[in-house]
Amino acid sequence: MKHQKSVKALLLSIFCTLLAVTVFCFAVCGGYTIYTSVQELLRYNRASLDVYLNDLTYTMRELEKFNQDVYSNNLDFRALSLENPTLVGAHQIESEMNLQRLIRSRVGENTGILLFNDRQDELFFSIGEDFLGGVVTPGVSQEMQNIRTHWLSDDPPVTQCWVSYINGDTTLLMNIFKQRGVYICSMVDISAFAQRYTEAAQMDTIDISFLTREEILTNAQAVQQHSVSIEDMLSAVEDPSWHSYSCVLQTRLDNKTGVGICGIISLGGVWNHLRVYVILLTAAFLVICALFALMYHLLNQLLIYPLDQIAAATRQITDGTTSIEKQPESIREFQEIQDALSRLVEQKVSLAKDNMNQIYQKEHALLQYYQLQTRSHFVLNCLKTIYSLTVQGDQEKTMKVIGLFSNHLRYVYHDSLSFVPLRAELEEVQDYFSIIELERCDHILLNQTVAPQLLDFPVPPLIIQTFVENFNKHNAQGTQILRFCIRVDKVNLDDQDYVRIRLTDNGIGYSEEALKGLQNSDGIFERNHVGVQNLCRRMDILYQKQCKKAFLNNPGGGALTIFYLPLDPPADAQETHKGEQS
């Protein structure tokens, strides 16, 4: 047989192919645009890092040159470093003043120069407006004292080269020259440099960190937040490096001074740079998809819509719909198709209703048959009891039995063949037990444990009374105290709520033959369990086999019957229940 093709599938495949090609071309162009934008961001960031590093290294070279000039050519510095006792008084003060004026003239915004000797009787420093806050405070003076102590310690740093000094929030690069016991120390506040660059660039998503080959000088908290090590920074000297796909590293390093600067661009920074491109590309993509969808919709209306209407109507007829929703059509042919389909569904619904009426009449007849099939020997026993009490002249018991017996007959032959409230069933059971207590001479107890919110739950009539009667019938009078227990609660099985009815007693229980017949119902009525069999068949009809049943014997003796009734009863259960309440 030749393979059949669907017009709708063919049209859809053509549009999907066109859309896929368009999306592919769009993705290639968009990807290239995003790639070039990222490269532009990296080039801009690299140029900025070069500018910042050149500014820093230029400042460092100027300070180092200043130290060399003072160390090599300044006569006042040489005079203070000579061990000449004749340089006292006015000459010493003049040399110190000359050096102080020279130091003040060479201090920049982020730099400071410190002059001291190893006798700790000479200390002078000058700082720029951004160096350690730019204001000479007791804290700054103490920091200068700490620096002098650091250089005069037993293990001082190497002189005539740049070394780092980190003390709490203070991070400095220092270059010192020593002439006998006199020191000239030039300092750069790296933190002030980093702050100035960050403010100038207004980079909220790019973190700048100064470093050397041995340690990170500034912004260590941000570096730690990105889980970046100094090895990761040094590996990004030549080319940008992605670190754990969370940030981009770019490092510039001055080989002469050993100082470098690293820019850490987070994904947020990349997104901020690409946001406009991504939004424009997304908007263009959505517009293209909308145009394709509109074109497909128009062609679908003209070519596929009639076929869809016929196929949908066929499915609705199969699913049992009662009518097809008609919408006004601007195209005359489409409207004629809708009218024809609507007439077809109406004919189908009419036939379905006739079939349902026949099924309902059959089920109703079965319910009547099953309910009338119950041949309670209890009716004859009650009549015998009434006759015996009448002969004995016990008028009070006779009237009580007659009243209870009439309630029982009224309930058993109630007009409702479907459902009654659980409360009514329990009242019938209580009346029934009252009759049993008057009839029997032994002890028999009734225990009820029922959730109050379930008293109005609709149940099939005689669902409990049938088993009470069965219990009374098969347990003869004796010395044992008989007990019948009723427990009703709500449970959840397989994500569905049920009302569970458990009926237990301490009698002789079910026989093996009875259990086999109840658990494997084959449609053949057991003569001794007509009431139970009929009840099960009525429940199958009422619940469409959505309820669960279990019949077994307790390990300690006695019968155990469990029913699981859906918490949401069928529609006829709700209507019957409303009628009972009214």
Side-chain angles (χ1 to χ4, degrees), residues 374 376-382 384-385 397 400-401 403-405 407-408 411-412 420-455 457 459-491 498-515 517-519 526 528-536 539 548-565:
T374 303
S376 174
H377 76 290
F378 180 71
V379 174
L380 298 178
N381 288 345
C382 283
K384 291 178 182 179
T385 302
K397 283 189 176 181
K400 186 174 183 180
V401 170
L404 295 173
F405 182 57
N407 292 338
H408 170 70
Y411 184 79
V412 170
V420 295
L422 177 61
R423 185 192 313 274
E425 178 71 12
L426 294 176
E427 291 175 356
E428 158 61 16
V429 170
Q430 186 63 53
D431 292 343
Y432 191 85
F433 252 87
S434 298
I435 297 175
I436 294 175
E437 289 177 345
L438 294 175
E439 181 188 22
R440 300 173 66 110
C441 60
D442 57 351
H443 296 286
I444 184 168
L445 301 176
L446 173 65
N447 294 332
Q448 299 184 35
T449 304
V450 181
Q453 65 271 20
L454 299 177
L455 289 175
F457 180 75
V459 297
L462 304 178
I463 188 173
I464 300 177
Q465 191 273 345
T466 300
F467 293 93
V468 176
E469 182 178 352
N470 192 60
F471 167 69
N472 179 47
K473 174 182 176 182
H474 294 283
N475 292 277
Q477 301 189 49
T479 58
Q480 179 186 4
I481 298 178
L482 297 177
R483 180 183 293 105
F484 190 90
C485 299
I486 304 171
R487 296 181 177 87
V488 183
D489 55 3
K490 186 175 72 171
V491 296
Y498 290 90
V499 173
R500 179 175 59 183
I501 300 177
R502 289 177 290 175
L503 309 175
T504 60
D505 62 65
N506 60 345
I508 62 174
Y510 293 112
S511 64
E512 292 296 329
E513 183 181 2
L515 284 177
L518 291 171
Q519 294 174 353
E526 297 291 339
N528 295 329
H529 297 280
V530 174
V532 177
Q533 293 281 7
N534 287 347
L535 174 65
C536 293
M539 293 178 66
K548 302 178 186 294
K549 305 181 288 290
F551 305 93
L552 59 155
N553 288 324
N554 286 316
L560 171 60
T561 305
I562 305 176
F563 292 104
Y564 292 93
L565 307 182

In Å and rounded to the nearest 0.5 Å, what is the OG1 to CG distance from T504 to N553? 12.0 Å

If you take the centroid of each ring, where Trp contributes its six-membered ring, are F484 and Y432 closer together than 6.0 Å? no

Got a second to check how far I501's CD1 is from F457's CZ, nearest 0.5 Å? 7.5 Å

Mind listing the closest non-hydrogen atom pair of L503 and I463 along with its distance? CD1-O, 4.0 Å

Residue pair N447 / T449, side-chain heavy-atom distance below 4.5 Å: no

Straight-line distance of R423 CZ to E428 CD, nearest 0.5 Å: 15.5 Å

Nearest-0.5 Å distance, CG of residue N554 to CG of residue N506: 9.5 Å

Minimum heavy-atom distance between D489 and R502, given as atom pair plus value: OD2-NH2, 3.4 Å

Residues 548-565 vs salt bridge (Lys or Arg N to Asp or Glu O under 4.0 Å), sequence neighbours excluded, gives D540-K549

Give me the atom names and distance for the closest heavy-atom approach of I464 to E425. N-OE2, 2.9 Å

Is the Y510 ring parallel, tilted or perpendicular to the F551 ring (thresholds 30°, 60°)? perpendicular

So which atom in L565 and which in V459 form the shortest heavy-atom distance, rounded to 0.1 Å? CD1-CG1, 3.9 Å

Kindly determine whether Q430 and Q448 satisfy side-chain contact (heavy atoms from CB on, under 4.5 Å), including the steps that lead there. CA-CA 10 Å; Q430 186 63 53; Q448 299 184 35; 3.5 Å; yes

Please determine whether side-chain contact (heavy atoms from CB on, under 4.5 Å) holds for the pair L482 and D505, giving the CA-CA distance in whole Å, both sets of side-chain angles, and the decisive distance to 0.1 Å. CA-CA 7 Å; L482 297 177; D505 62 65; over 6 Å; no

Compare every heavy atom of L454 with every heavy atom of L422, then report the nearest pair and how far apart it is. CD2-O, 3.3 Å

Minimum heavy-atom separation for F563 and T561, please, with both atom names. CE1-CG2, 3.6 Å

Where the side chain of N475 meets the backbone of I508, is there a donor-acceptor pair that is under 3.5 Å apart? yes

